[in-house]
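Here is the structure we will look at.
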Amino acid sequence: MSLERRLRDRGRKLLMPYVTGGITDDWTGYLRSFAAAGADAIELGLPFSDPTLDGATIQEASDAALARGATAHGILAEIDGLGLDVPLVASTYYNLVLRDGTSAFCAALRQAGIAGLIVPDLPLEEAGELAEAAAATGIDLVLLASPSTPSPRLYEIARRSRGFVYAVSRMGTTGERAALAESAGALAERIKQVGDLPVLLGFGISTPEQAVEAARRADGVVVGAAIMRRILDGAGPDDVGTYVTALRRALDQESDERR
Amino acid sequence: MSLERRLRDRGRKLLMPYVTGGITDDWTGYLRSFAAAGADAIELGLPFSDPTLDGATIQEASDAALARGATAHGILAEIDGLGLDVPLVASTYYNLVLRDGTSAFCAALRQAGIAGLIVPDLPLEEAGELAEAAAATGIDLVLLASPSTPSPRLYEIARRSRGFVYAVSRMGTTGERAALAESAGALAERIKQVGDLPVLLGFGISTPEQAVEAARRADGVVVGAAIMRRILDGAGPDDVGTYVTALRRALDQESDERR
Amino acid sequence: REVEGAFREARSDPGFRERLETLLALHVGRPTPLTPAPRLSAELGVTLLLKREDLTHTGSHKINNVLGQALLATRMGRTRLIAETGAGMHGVAVATGAALLGLRATVFMGERDVERQALNVFRMRMLGAEVVTVGAGSRTLKDATSEAMRHWVSATEEAYYCVGSVVGPTPYPWMVREFQRVIGDEARGQCAGALASAVPDYVVACVGGGSNAAGTFAGFVDTAARLVGVEAEGGAGASRGRLGVLHGFRSLFLQDEHGQITEAHSIAAGLDYPGVGPEHAYLRDLGRARYVTVSDEEVVGAAVRLARTEGIVPALESAHAIAWVIRAAVAGELPPGATVLITLSGRGDKDMSTLKELV
Amino acid sequence: REVEGAFREARSDPGFRERLETLLALHVGRPTPLTPAPRLSAELGVTLLLKREDLTHTGSHKINNVLGQALLATRMGRTRLIAETGAGMHGVAVATGAALLGLRATVFMGERDVERQALNVFRMRMLGAEVVTVGAGSRTLKDATSEAMRHWVSATEEAYYCVGSVVGPTPYPWMVREFQRVIGDEARGQCAGALASAVPDYVVACVGGGSNAAGTFAGFVDTAARLVGVEAEGGAGASRGRLGVLHGFRSLFLQDEHGQITEAHSIAAGLDYPGVGPEHAYLRDLGRARYVTVSDEEVVGAAVRLARTEGIVPALESAHAIAWVIRAAVAGELPPGATVLITLSGRGDKDMSTLKELV
């Protein structure tokens with residue numbers, strides 16, 4: 001079943017928590033706790049030395065995982081046969097894809113049971129080769145859009161993305177959160193006008209209230225840095241599971257109230 | 001009686017010790033001890049802030065005297081009526097002469113009983129005005145020569161100097177003393193060839209042996225830095241007197257031996 | 001993309017070109033001289049000519065490119081420049097260009113470089129720029145670049161990202177080379193006057209990202225001159241890198257077996273970058289240019305030697321080019337009497353404290 | 001005396017002049033630009049033009065004079081240069097000239113200046129010069145000069161004393177001005193192209209010993225331009241000195257009632273000299289030039305202001321000239337629209353650590 005289908009079938013506001021693969025010895029415990037807490041999909045970061053398009057927390061988490069000796073193939077080996085019933089979406093930088101070659105990389109993902117792939121530093125213009133390899137392997141290549149993406153390009157993204165469209169906004173400096181939520185919401189609506197894929201929104205969401213607000217105009221949210229901050233500060237799978245559960249409840253409650 | 005006459009009348013190798021005026025509270029004690037130790041003349045430094053043509057020891061002594069509040073006129077007032085029977089030769093820099101004006105300055109020297117004047121930074125070409133004022137006041141303006149002075153100029157110096165000719169050499173870096181003594185001796189002989197004034201040699205002489213060696217080809221020696229070093233290190237008039245006595249004896253002995 | 005269109009337009013606008021030329025002449029001091037180096041030439045048995053980018057305002061070739069991009073930013077209606085810097089020379093150039101044109105400037109710099117180049121940090125602040133210290137990763141140029149890109153993404157409407165070398169996404173590598181080709185074009189004309197052969201046998205420049213080399217080579221790529229790019233042993237993207245993607249461009253990067261970018265290490269902060277501009281990868285593949293490396297030790301020796309023979313203290317970056325020429329001449333790799341053009345990309349004042357510890 | 005004869009001869013030898021001109025063009029980067037300062041001009045309501053000696057090799061006008069004297073020394077068969085230095089710029093220039101012409105160099109520098117200008121000390125050593133620290137007296141330029149003179153007296157046959165300003169015995173003040181008049185001559189020609197009036201209303205330069213001012217004024221003394229020399233409040237030889245004699249020349253010196261030379265104090269080490277060149281005393285007496293003073297505070301403010309408006313960080317010495325122009329413009333002493341030529345004698349890199357503590 002396609003990633004898009006699996007997401008649509010949930011019939012609720014979507015929640016995609018993120019974890020950096022290899023961040024601790026028992027990092028796969030986080031995947032299990034996410035699933036148990038009601039994640040609809042999980043973003044699995046394959047750490048890269050220079051995550052230019054992520055913030056400082058993800059940079060720190062990537063550095064920590066690499067320092068532990070984490071590698072993309074090692075991480076994939078660890079999830080192989082984990083038997084999660086939640087789809088996994090890998091995210092990484094293009095240099096790691098190139099390292100193996102697009103086809104080999106996608107095949108390795110597929111082999112490990114990964115459903116989708118996010119490559120934030122892959123420009124639309126150069127996505128052709130990877131998109132083909134992914135399609136051929138049965139991996140959904142998820143494309144990203146941001147508030148500054150011009151409309152014709154947004155249309156192209158909506159058309160060529162698979163699984164969902166990842167709407168990101170990193171104007172995430174303190175004190176601007178209200179304006180952010182507004183521009184992210186507007187972005188989600190713009191994407192929905194030009195295509196019909198689910199739209200997940202990620203812009204530094206950390207509280208249940210923010211998740212609820214973000215989900216109002218989109219199909220769901222991604223929570224990454226807030227989770228990794230907790231993990232870097234020592235939170236184990238249970239602690240993080242509790243946090244994800246709270247996000248889940250807030251999203252569900254909001255949906256109930258609206259009905 | 002002229003300075004030249006007084007020096008000639010000694011009939012021995014001449015010894016002119018130097019002291020920076022105002023160097024200590026009882027600095028005139030050094031003049032007395034020089035006289036008692038057999039000085040033929042005394043060079044009295046009127047301290048100047050920038051004794052460019054003296055070495056580091058005289059610079060240090062001048063700074064110390066000025067820091068004590070010494071002034072040219074204060075120093076002259078202190079020697080007035082001291083009743084020494086040894087001629088005093090003032091030495092200072094031209095800026096102090098200019099400060100009063102040449103005539104007033106020479107008159108002040110005369111008033112204090114000074115016989116001669118040395119101004120190391122006064123070039124021969126600009127000596128006219130001061131020479132006239134000195135002559136008019138009865139002060140002997142002593143001119144300086146150095147090993148690098150070309151012969152025509154040396155002739156001019158020998159002709160226009162009064163009292164004696166001060167032959168200086170400051171190539172006084174360590175290890176070159178032998179070469180120095182040679183060039184200083186040669187200078188003294190060159191001066192004696194072009195004029196008939198007594199020639200005193202000053203080039204960082206500090207031991208009796210050096211004094212003897214210097215005096216061989218000249219009429220006498222000036223000892224300055226070696227005395228001031230002792231005074232700066234705490235030597236009183238008696239200690240310095242003992243040192244000057246030793247120089248005196250060495251010079252006299254040498255003369256006796258040669259006879 | 002927007003930048004590319006604006007640059008294409010500006011390039012064909014005589015008004016823009018004239019304004020830039022005036023700035024380069026009156027503010028930067030162009031043309032810079034081509035200086036003979038008679039004493040070092042005699043020692044090495046070759047004829048050296050030095051293109052003196054160290055004499056430009058702010059002390060390195062970086063200003064050529066920055067004024068071009070700053071003018072472009074003004075043309076695009078931007079009010080602020082964002083940039084990363086390694087040794088601080090690009091940052092100083094950006095701060096200078098911003099002050100000159102009345103723009104604001106925010107410069108990102110790795111924490112280690114901030115320490116190594118404290119005076120350049122203060123120079124930028126004197127010029128009114130905001131300097132942001134980056135504590136992530138290796139705390140050098142690579143991380144400063146990542147952080148600057150992150151910041152720029154959040155301010156694309158008011159801010160213009162001023163890339164300092166022939167790196168980054170299209171059109172930067174091409175645009176920066178075009179702004180730096182004034183080095184090669186001037187040198188080509190000056191060599192024609194100074195050399196009987198009109199064109200030197202060798203054209204040598206240091207390579208970090210590679211902008212001074214790209215600008216120099218641009219003037220000689222259509223001649224018979226052999227082009228040599230000299231890299232730091234610990235930052236040899238062109239000599240030892242593998243194809244990869246970073247900071248939005250595909251080129252040669254130092255990386256481990258897993259595709260992780262490794263840290264570059266050089267005594268010259270400006271060469272502390274693990275990659276090289278795509279044009280250098282291309283010139284290498286074509287065989288049109290050759291890329292070699294020299295050690296930190298050779299570099300320090302070369303800097304001292306140029307200082308003592310010609311009275312010029314080069315930036316440690318530029319000393320890489322000198323170091324290779326010395327080695328090649330001594331090894332007989334340069335034929336006796338060969339004519340060699342070396343671009344001195346900047347002056348060594350900024351490196352005095354580094355050199356002080358080593359010499 | 002020997003120097004005077006040699007200089008007279010050299011001056012009328014076209015070969016000497018040509019060699020010097022070539023050195024100035026190829027090594028120093030002359031002519032230096034005349035840079036408009038549009039943003040600061042607009043703020044002050046006058047038209048400023050900056051003569052950019054800060055863009056010369058080694059970063060200050062000192063090199064113009066040093067290369068002239070170093071060539072002269074070679075001509076006289078000397079193998080060594082002796083010099084004193086304050087801020088270190090003259091010392092760096094001497095070390096540079098010596099390296100370039102294959103001479104040895106010994107530079108005397110006061111202990112306080114050695115501390116304040118540590119990087120320049122190291123630059124000199126990089127260039128192969130011996131730097132002698134002078135611990136006597138106020139441990140600044142005055143004492144370094146005394147010590148250098150003492151040393152030179154002992155080595156007159158092999159060594160040439162390279163005076164750094166328009167001071168010292170004949171023929172130095174005259175010779176140094178002649179070597180520096182390239183500043184004024186170039187500026188005169190450039191002003192003719194840049195100004196409708198051909199000649200600026202005001203010509204302003206900072207004055208320590210006064211060599212950049214003497215060189216600048218030389219180009220305009222026969223015009224209607226008003227000449228203004230700007231001194232440090234604590235080193236105002238021309239404004240507050242009395243006639244005296246020091247270091248072999250008669251001019252205006254700061255001194256106490258007893259004729260003792262007093263110490264100069266300035267934030268700019270290069271202006272820490274208690275006297276002024278005799279030509280300035282003469283121009284002042286004639287009423288042809290005017291000498292004014294500015295405070296350390298005004299100077300720092302002026303340096304920051306020029307940096308932020310024009311992207312140029314001037315040497316603190318040069319900032320004195322800017323400071324007076326700002327004050328005079330604000331006070332309405334300069335008529336609106338007046339044209340003002342300011343000589344920027346050097347760049348501010350050497351002053352960064354001083355400024356860092358103050359800004």
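Not measured: the values here are computed from a predicted model.
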Atom CZ of C:Arg75: over 12 foreign heavy atoms under 6.0 Å: yes
Close side-chain approach of D:Asp351 to D:Gln117, heavy-atom, < 4.5 Å: yes
Which portion of D:Arg308 sits near chain C, non-hydrogen atoms under 4.5 angstrom: both
Chain D contact via C:Ala129 - side chain, backbone, both or neither, heavy atoms under 4.5 Å: neither
C:Arg347 and D:His57: CA distance, side-chain angles, deciding distance, side-chain hydrogen bond (donor to acceptor under 3.5 Å, both in side chains) verdict: CA-CA 9 Å; C:Arg347 58 170 134 96; D:His57 181 45; over 6 Å; no
Donor + acceptor pair across side chains of C:Glu53, C:Asn64 (<3.5 Å): yes
Interface moiety of C:Arg39 toward chain D, non-hydrogen atoms closer than 4.5 Å: side chain
Toward chain D, the part of C:Ala25 with a non-hydrogen atom under 4.5 Å: backbone
Atom group of C:Thr309 that falls short of 4.5 Å from chain D, counting heavy atoms: backbone
From OG1 (C:Thr85) to NZ (C:Lys62), nearest 0.5 Å: 7.5 Å
CA sep, side-chain torsions, deciding dist, call: C:Arg188, C:Asp185, salt bridge (charged side-chain N to carboxylate O under 4.0 Å, His left out): CA-CA 5 Å; C:Arg188 174 81 173 269; C:Asp185 288 345; over 6 Å; no
Choice from C:Gly97, C:Pro38, C:Gly102 maximising heavy atom contacts with chain D below 4.5 Å: C:Gly102
Closest non-hydrogen atom pair between C:Ile312 and C:Pro314, with its separation: O-CD, 3.2 Å
Toward chain D, the part of C:Leu355 with a non-hydrogen atom under 4.5 Å: both
Among C:Arg30, C:Glu310, C:Lys350, C:Gln190, residue most engaged with chain D (heavy-atom pairs, under 4.5 Å): C:Glu310
Least distance between heavy atoms, D:Leu127 atom then C:Ala307 atom: CD2-O, 3.4 Å
Residue among C:Leu55, C:Thr96, C:Thr32 with most heavy-atom pairs under 4.5 Å to chain D: C:Leu55
Engaged part of C:Val28 at the chain D interface, taking heavy atoms whose separation is under 4.5 Å: backbone
Proximal component of D:Pro31, with respect to chain C [non-hydrogen, under 4.5 Å]: neither
Engaged part of C:Leu40 at the chain D interface, taking heavy atoms whose separation is under 4.5 Å: neither
Engaged part of D:Thr22 at the chain C interface, taking heavy atoms whose separation is under 4.5 Å: neither
D:Arg19, CZ: over 12 other non-hydrogen atoms inside 6.0 angstrom: no
Part of C:Arg125 within contact of chain D (heavy atom distance under 4.5 Å): backbone
Chain D contact via C:Leu34 - which portion, at a heavy-atom distance below 4.5 Å: backbone
Inter-residue atom distance C:Glu186.CD - C:Ile183.CD1, 0.5 Å rounding: 8.5 Å
Side-chain donor-acceptor pair present, D:Thr339, D:Thr47, cut-off under 3.5 Å: no
Heavy-atom pair count under 4.5 Å with chain C, highest-scoring of D:Ala99, D:Gly128, D:Gly348, D:Ser353: D:Ala99
Atom group of D:Ala37 that falls short of 4.5 Å from chain C, counting heavy atoms: neither
